[in-house]
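Please read the structure below before turning to the comments.
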Amino acid sequence: MRAQFRHRTRIIFGGILLIAIIIIGRLYFIQVIHGEKFSLLADQQFSANSSGLFDRGTVYFTGKDGRNISAATLETGFLLAINPQLIDDPEKVYETIFSIASTTVDKEAFFSATKRTKQVHVELAHRLPEELGHALANENIPGVIVLRERWRAYPGGNLAAQTIGIVSYGTGHTLAGRTGLEAYYNDTLERTGDSLYKNFFAQLFSRAGEFLVDAKQAREGNIITTIDPVVEARLMEELSKIEELRNSRETGGIIMDPSTGAIVALGSVPTYDPNNLSSVTPSLLGNPLVEHVYEFGSIMKPLTVAAGLDAGVITPESTYNDTGCIDVDNARICNFDLKARGVIPVQEILSQSLNLGVAWIAGKLGQERMHGYFATLFGEKTGIDLPSETGSLLSNLSTSQQVNYDAASFGQGIAMTPVQMIRALGALANGGVMVSPHLVSAVQYDSGIKRSFEWNDKRTVFGQEAVREVSTMLSLVADEALGDGKYKMPSMSFAAKTGTAQLVKPEGGYYKDKYFHSFFGYFPVYAPRYIILLYTYDPQGVQYASETLSDTYIDLMHFLIEHYDVAPDRVGT
């Protein structure tokens, strides 16, 4: 009997304890996690009756110490409106408003609004600061309406603007993400009307034990990006310098961890400030790094060499006879300076950036095998978490003309996006394996739970030995050929290659005096922490990428080494 009594007592006590935990948890959820939101909704004096306040999740940058730093958030203030039917003395009302917020309401607009007597709500001003909103509301002016409002704000201004994206009105007069991460993760960032009332414990215990989620399946939370705002700011500063100095049409760059695909910085100029869209050209709202395709030129050569080594048609000791120019399919292919080198080893193909050298490798590979490598490298979109990603243009490799394969071997006649290019080049820095470039690492739910995203799409393109041999060659390029050796670092090895491609004419063919410059590199050579891709479109007054991008790459590399405290890798340092 006593045992039954104790058992029942324990059940009752357990039930009471469970209810207490639920109540305490719910109070914590309401007062701490969403205290500010409920406070705003409860403010009946200032809140609109027709709809709730705009609500949306936060987008965070990630500092090198792991701190979350707001990239897109919400700001709160007031909007000012009038009911023209209730305003008997417009002059007196305007004087009162003017005495409090003299620079907020245009006089002509105010009196025009008072004449719209068939309406009961005419908005005059948005985003009034707290002190002005309260001061106007405290006047209790008949016909003057002061309402709480919230809006999307971007504390970093133009920092990663084309990547973060914007929120704006679309069809149905609804606010939603329209570009960038705001659009791609709209389902996660968007808040429905009942989002504040979801059960905290439903989030806490649902899918218990799961700490990794698919990036495309996350729902309703804040997103945490891989972008380091300090590195992003430095990259944008360097890109702006190039743009200003060379008057290029477009200049961009990406910095990525080649082993994981996490992008710590990316951007292009010109760009815009998402806090002020009134004068923004619509073409700037897209992201060139995933939407524009380019013929990248000679930074393609290391990939051609890697394919030749991987296929076994060449070795690092192989030589060929460089004649300066060759005729293929009624077309002429030449080195950049038209000069012959005679019999030279493979290393010189990269050190001297010789078109004939990679064309020779393309011939040894054969069309079918070369097509297979390039289709693996560029045949599919990367799947990066940004909208409107464009695919590559590889149609020239579907023909039987050898000249198209020769041209592709040095980066002409085929085109791809910068993010496709850095993913392919990243295989050289990652043991021959391409990874998924991505910008978001985790979702942080409103309950406080943080779950990491999975980015497991990896593809082996080259064998480890082939990419190690190419890395050794690119290290020699960096130490000896780049700037005639002036950039060599005694304490740190790095790989580097420049690219100069002729721009395509709208009517076909190539300009002889307009160029696309590119540069890529990674460091340390045999255990790379970061890979950098830079480009500039139609720079003025200069022909070769070594003149426009080398200093920028070196400056960024030194900055990253110091910022992330990358250890030296050369003996004796």
Side-chain angles (χ1 to χ4, degrees), residues 37 54-62 68-75 150-156 159-172 174-196 198 203 206-207 210-229 232 254 256 260-267 274-275 277 285-287 289-291 381-390 417 419 436-457:
K37 294 180 182 178
F54 172 60
D55 193 17
R56 190 171 177 84
T58 301
V59 179
Y60 290 109
F61 293 131
T62 300
N68 292 342
I69 302 165
S70 291
T73 186
L74 295 174
E75 288 189 1
R150 286 199 295 198
W151 59 91
R152 201 58 159 168
Y154 301 88
L159 197 66
Q162 292 169 320
T163 300
I164 301 302
I166 63 169
V167 173
S168 65
Y169 285 98
T171 56
T174 57
L175 275 172
R178 303 299 172 187
T179 63
L181 295 174
E182 292 276 28
Y184 192 91
Y185 289 100
N186 189 66
D187 287 348
T188 300
L189 295 168
E190 195 172 45
R191 297 294 184 268
T192 58
D194 63 348
S195 63
L196 290 181
K198 289 185 177 178
Q203 285 190 3
S206 65
R207 302 173 70 182
E210 295 181 23
F211 294 96
L212 294 175
V213 296
D214 189 302
K216 296 181 180 180
Q217 299 301 318
R219 288 293 181 270
E220 203 156 293
N222 306 315
I223 62 172
I224 300 172
T225 74
T226 57
I227 299 173
D228 183 331
E232 178 73 22
I254 308 174
M256 184 181 82
T260 66
I263 294 174
V264 297
L266 80 167
N275 295 303
L277 297 175
L285 296 177
N287 193 320
L289 299 160
V290 297
E291 297 179 24
K381 297 177 183 179
T382 68
I384 190 172
D385 44 346
L386 284 173
S388 305
E389 183 182 8
T390 302
T417 64
V419 74
S436 299
H438 61 273
L439 292 154
V440 172
S441 61
V443 59
Q444 183 183 61
Y445 296 110
D446 291 342
S447 60
I449 295 173
K450 177 180 175 181
R451 288 178 173 168
S452 299
F453 283 177
E454 292 180 324
W455 296 99
N456 292 327
D457 185 13

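Heavy-atom minimum distance, Trp151 versus Phe54: CA-CD2, 4.1 Å. Annotation for Thr226 and Ala262: closest pair CG2-CB, 3.9 Å, computed over non-hydrogen atoms. Heavy atoms only, all atoms of each residue included: Phe61 and Pro229 are closest at CB-CD, 3.6 Å. Listed here is the closest heavy atom pair of Glu232 and Leu266: OE2-O, 2.6 Å. The shortest non-hydrogen separation linking Ile223 to Thr188 is CG2-CG2, 3.9 Å. Taking both residues in full, the closest heavy atoms of Ala442 and Lys450 are given as CB-CE, 4.0 Å, listed atom of the first, atom of the second, then distance.
Summarising the geometry, atom OH belonging to Tyr60 is positioned 11.5 Å from atom OG1 belonging to Thr225; distances are rounded to the nearest 0.5 Å. Within the model, atoms CZ of Arg152 and CD1 of Ile164 stand 9.5 Å from one another, a figure rounded to the nearest 0.5 Å. For the atom pair Thr163 OG1 and Leu289 CG, the distance stands at 6.5 Å (nearest 0.5 Å).
In this structure, Thr62 contributes its side chain and Asn68 its backbone to no donor-acceptor pair below 3.5 Å. Using modelled atom types, no side-chain atom of Thr73 and backbone atom of Thr58 make a donor-acceptor pair closer than 3.5 Å. Looking at Arg178, its side chain does come within 3.5 Å of a backbone N or O of Ser168 through a donor-acceptor pair. Remark: side-chain polar atoms of Asn287 are not paired, donor with acceptor, to backbone N or O of Leu386 under 3.5 angstrom. The backbone N or O of Trp455 sits nowhere less than 3.5 Å from a side-chain atom of Ser436 that would complete a donor-acceptor pair. With Asp385 contributing its side chain and Leu439 its backbone, the two residues share a donor-acceptor pair below 3.5 Å.
Partners of Asn186 under the side chain to side chain contact (heavy atoms under 4.5 Å, CB included) rule, at least two apart in sequence or in another chain, are Arg56, Ala176, Glu190. In terms of the side chain to side chain contact (heavy atoms under 4.5 Å, CB included) criterion, residue partners of Ala183 (sequence neighbours excluded) are, by chain and number, Pro387. In this structure Gln162 satisfies the side-chain hydrogen bond (donor to acceptor under 3.5 Å, both in side chains) test together with Ser268, sequence neighbours excluded. Scanning for side-chain hydrogen bond (donor to acceptor under 3.5 Å, both in side chains) contacts around Tyr154 gives Glu182, with sequence neighbours left out. Evaluation of the side chain to side chain contact (heavy atoms under 4.5 Å, CB included) rule for Thr179 yields Ile166, Tyr272, Leu285 as partners, not counting sequence neighbours. Remark: Thr382 engages Glu389 in a side-chain hydrogen bond (donor to acceptor under 3.5 Å, both in side chains) (not counting sequence neighbours).
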Show your working on side-chain contact (heavy atoms from CB on, under 4.5 Å) between Met256 and Val264 and close with a plain yes or no.
CA-CA 6 Å; Met256 184 181 82; Val264 297; over 6 Å; no
Evaluate the side-chain contact (heavy atoms from CB on, under 4.5 Å) criterion for residues Ser441 and Phe453: first the C-alpha distance (whole Å), next the side-chain angles of each, then the deciding distance (0.1 Å), finally the verdict.
CA-CA 5 Å; Ser441 61; Phe453 283 177; over 6 Å; no
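Contact annotation: the side chain of Asp457 never approaches that of His438 to less than 4.5 Å [non-hydrogen atoms, C-beta and beyond].
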